[in-house]
Enquirer: 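Please see the structure below; I have some questions.
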2 protein chains.
Amino acid sequence: MAGLAGVSQATVSLVLSARGDGRAAAISEETRQRVLDAARSLGYVPDPAARRLAAASNNLLGVFSFTATFPTDVQHSYYPFLVGVEQEAAARGYDLVLFTGSSTGGAGAAGPDALSRVRLADGCLFLGRHVPRAELKRLVADGFPVVHLGRREELEGVAWVGADYVSASREVVAHLAELGHRRIVLVREDDDAPASTDRQRGFLDGLAAAGLTGGPGAVLRCADPAGELTAQRVRALVADGVTAFVAEETDTGAAWRALNAAVREAGLGCPGDVSLGLLGSPPADLAARPVPTGFDIPRHRLGAAAVRLLAALVAGEEAEEPLVACEFRAGETAGPPVPPR
Amino acid sequence: MAGLAGVSQATVSLVLSARGDGRAAAISEETRQRVLDAARSLGYVPDPAARRLAAASNNLLGVFSFTATFPTDVQHSYYPFLVGVEQEAAARGYDLVLFTGSSTGGAGAAGPDALSRVRLADGCLFLGRHVPRAELKRLVADGFPVVHLGRREELEGVAWVGADYVSASREVVAHLAELGHRRIVLVREDDDAPASTDRQRGFLDGLAAAGLTGGPGAVLRCADPAGELTAQRVRALVADGVTAFVAEETDTGAAWRALNAAVREAGLGCPGDVSLGLLGSPPADLAARPVPTGFDIPRHRLGAAAVRLLAALVAGEEAEEPLVACEFRAGETAGPPVPPR
DNA sequence: TTGTAAGCGTTATCAA
DNA sequence: TTGATAACGCTTACAA
């Protein structure tokens with residue numbers, strides 16, 4: 001190549017990497033053209049591998065998930081996040097490396113060095129619930145840029161991006177309070193995932209902000225929502241003055257399902273007799289009608305925010321705000337309170 | 001790294017690249033362990049770019065799409081393919097590089113060298129309709145392993161994997177013939193996409209195999225199905241002895257929609273009065289009921305097959321059968337023929 | 001069984 | 001404005 005154009009390899013490099021940049025100043029137009037022509041006629045393209053070797057960064061952002069990145073079941077997949085991840089990565093000129101099969105028994109599933117593979121990229125995004133803390137912290141300790149998608153305050157030093165469940169839950173309660181509800185009950189499952197805790201906090205904050213009292217019965221915490229949340233129980237609560245219920249969103253949608261079933265079984269209409277709220281998005285099979293009042297987790301934006309943060313870390317910049325706001329969804333399951341019949 | 005283990009760089013390379021292979025014979029178990037331990041403690045991972053440059057492989061398979069890889073609309077996305085791609089890649093120990101933003105204005109959207117980025121990987125999978133032929137053939141000519149997902153016979157030399165529409169369509173016709181239908185009409189759009197042509201061929205093959213005659217009217221080819229395929233037309237055909245219709249699947253589902261609309265408008269029930277078949281999967285909004293008799297394109301398996309083929313090419317092996325069988329779907333829109341009322 | 005050394009195709013740093 | 005030349009981190013003969 002350099003031969004055909006009659007110049008040195010270095011000159012070729014100069015010409016070809018100057019493309020786009022305005023600073024073509026260092027090369028004479030004639031040489032430039034000669035090189036460009038030769039390149040075209042040879043179909044020459046700089047080898048990206050060599051390029052990256054020499055330039056020490058490879059324009060690659062990793063995505064590592066502790067479960068299959070593309071599970072067969074679209075509902076429980078990371079797909080929505082990836083949409084945002086890809087868009088933002090593309091916008092910033094990064095390509096994505098999907099580290100496959102963490103759980104699928106794939107590429108490097110085996111050893112504890114499975115995680116080391118990610119060092120191939122300039123930085124890596126992590127998704128999933130079950131994180132191998134040690135390995136992750138190791139990466140961080142080595143100065144490798146790491147971002148976790150989902151709140152991870154327990155893992156000190158690990159940067160993360162998460163949805164602001166607190167504010168979103170508070171907003172839903174505020175909406176109900178504004179409609180006139182005075183007694184609202186939260187139905188949640190009995191685990192202590194950050195996502196659950198956050199929602200409860202937001203719920204209680206919202207109550208307080210509206211001048212309402214949480215009281216002992218305001219949070220219905222049940223190991224098995226379907227078992228505890230009976231029609232009878234609902235009827236009793238309503239008789240006692242409760243006019244609205246909110247359920248937390250979980251993987252399975254169990255709380256929301258149980259709540260709906262119990263209300264229906266109690267012979268109560270919604271929002272005719274009671275108002276319902278869902279702190280999150282409905283499971284796919286219940287997505288149709290009626291649209292639950294609640295909020296949506298902006299998965300696209302979360303993915304994008306994660307990439308932004310990661311890109312910042314890679315560039316050695318400061319981390320930004322890790323919380324992404326959720327979107328309030330008016331829905332059709334909440335109306336003014338109605339006194340019990 | 002080599003220092004910590006007290007061995008030469010070459011030994012490190014030997015140890016690390018022998019992994020998986022049974023031929024660890026050339027290295028003493030002790031040295032091997034020492035290197036492995038050192039690597040683990042340092043979190044060392046061979047630089048893929050360097051690896052590739054040094055003429056080996058880097059365990060990376062590329063995925064390049066000519067539209068955004070992750071369109072917001074899941075329905076029209078490559079998601080189903082990616083499920084298979086990821087699974088198969090994981091199973092074979094490959095990681096995936098998503099070359100982003102071909103159309104999104106991303107990473108390398110610009111020049112004609114956008115495609116050259118894929119050379120970083122050991123081989124690359126291409127998805128999408130609008131292929132830059134020249135660039136692709138260039139890659140192939142350079143001996144870079146390339147597989148296109150979807151039939152691409154026009155691009156000589158480019159390996160591809162596609163669905164076997166011919167056999168699948170033939171099977172649907174055979175099913176109808178077995179039910180007793182003697183006059184079947186194919187409704188197709190008026191373009192010459194390979195997918196359309198294949199279906200028609202399968203349709204005619206199926207007719208012939210069942211001892212039925214295609215005849216001039218067996219294929220209803222209309223530029224605008226909605227315009228041509230009127231209720232009147234359907235009624236006339238039925239009066240003339242036609243007892244079953246099959247429509248091809250297209251992006252928009254236009255043919256199938258038009259067929260359904262016309263039949264309904266003609267006051268005919270299905271499968272009571274006429275049987276219907278769909279050569280493909282129904283559009284999402286019509287997916288519910290009734291399930292159309294027809295076939296499903298096994299997108300998972302297509303993705304997996306593409307990876308298998310690509311892996312074979314990367315390994316310098318022979319290409320395998322590029323056609324993936326579709327799955328017959330009994331559905332609920334076909335029954336025994338009924339004489340016109 | 002392990003070490004030495006020659007590339008691989010760029011980029012970057014100096015000189016010229 | 002251009003040309004040598006030294007990295008870059010690895011693989012792979014070939015030598016020890």
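So that the names make sense, note that chain A is the first sequence line, chain B the second, and so on, each numbered from 1.
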Enquirer: So, does B/Asn58 use its side chain to make a donor-acceptor pair with the main chain of B/Ala49 at under 3.5 Å?
Expert: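 Checked: no pair found.
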
Enquirer: Per the side chain to side chain donor-acceptor pair (under 3.5 Å) rule, what does the pair list look like for residues 4-13 of chain B, sequence neighbours excluded?
Expert: B/Ser8-B/Thr11

Enquirer: How long is the line joining CG of A/Leu120 and P of D/dC8, in whole Å?
Expert: 19 Å

Enquirer: Aromatic rings A/Phe126 and A/Phe64: how do their planes relate, parallel, tilted or perpendicular, breaks at 30° and 60°?
Expert: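 If you compare the ring of A/Phe126 with that of A/Phe64, the planes turn out tilted.
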
Enquirer: Between the two ends of the helix from C/dT1-D/dA16 to C/dA16-D/dT1, what is the bend in degrees, rounded to 10 degrees, where each end axis spans five pairs?
Expert: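 Inter-axis angle at the ends, rounded: 40°.
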
Enquirer: To the nearest angstrom, how far is B/Arg119 atom CZ from C/dG9 atom P?
Expert: 12 Å

Enquirer: Using whole Å, what does the distance between atom P of nucleotide C/dC8 and atom CG of B/Asp142 come to?
Expert: 17 Å

Enquirer: Just jot down the ring pair (Phe, Tyr, Trp, His ring centres under 6.0 Å) partners of B/Phe81, sequence neighbours excluded, or say none.
Expert: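 With neighbours one apart ignored, the set is empty.
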
Enquirer: Scan nucleotides 2-4 of chain D against the protein and return all N/O pairs shorter than 3.5 Å with their distances rounded to 0.1 Å.
Expert:
residue	atom	partner	partner atom	Å
D/dT2	OP1	A/Ser28	OG	2.8
D/dT2	OP1	A/Thr31	OG1	2.2
D/dT2	OP2	A/Ser28	N	2.9
D/dG3	OP2	A/Ser8	N	3.1
D/dG3	OP2	A/Ser8	OG	3.3
D/dG3	OP2	A/Thr11	OG1	2.5

Enquirer: Both A/Ser13 and B/Ala50 contact DNA chain C. Taking the nearest nucleotide for each, which residue is further toward the 5' end?
Expert: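 Its nucleotide being nearer the 5' end, the pick is B/Ala50.
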
Enquirer: For B/Arg52, enumerate each residue passing the salt bridge (Lys or Arg N to Asp or Glu O under 4.0 Å) test, keeping only those at least two apart in sequence or located in another chain.
Expert: B/Asp122

Enquirer: Measure CZ/A/Arg51 against C1'/C/dA12 and give the value in whole Å, please.
Expert: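 So the two atoms are 14 Å apart, to the nearest Å.
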
Enquirer: Let me check something: any side-chain donor-acceptor pairs from residues 140-150 of chain B under 3.5 Å, sequence neighbours excluded? List them with distances.
Expert:
residue	atom	partner	partner atom	Å
B/Asp142	OD2	B/Arg119	NH1	3.2
B/Asp142	OD2	B/Arg119	NH2	2.9
B/His148	ND1	B/Gly150	O	3.1
B/His148	NE2	B/Gly128	O	3.3
B/His148	NE2	B/Arg152	NE	3.4

Enquirer: Nearest-Å distance, CG (B/Asp47) to C1' (C/dG9)?
Expert: 14 Å

Enquirer: With a 6.0 Å cut-off (strictly less than), is the heavy-atom count around CD of B/Glu30, excluding the residue itself, greater than 12?
Expert: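 Count not over threshold, so no.
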
Enquirer: So with a 6.0 Å cut-off around CD of B/Glu156, is the heavy-atom count from everything else above 12?
Expert: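 For B/Glu156, atom CD is not crowded (no more than 12 foreign heavy atoms under 6.0 Å).
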
Enquirer: Between atom CG in A/Asn59 and atom P in C/dT11, what is the gap in whole Å?
Expert: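 It is 13 Å, rounded to the nearest whole Å.
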
Enquirer: How long is the line joining CG of B/Asn58 and P of C/dC8, in whole Å?
Expert: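 The distance from CG of B/Asn58 to P of C/dC8 comes to 19 Å, rounded to the nearest Å.
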
Enquirer: Among D/dT12, D/dG9, C/dT11, find the nucleotide with the atom closest to the side chain of A/Leu53.
Expert: D/dG9

Enquirer: State whether the side chain of B/Asn59 and the backbone N or O of B/Asp95 hold a donor-acceptor pair below 3.5 Å, judged by distance alone.
Expert: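 Here the side-chain-to-backbone pair does not exist.
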
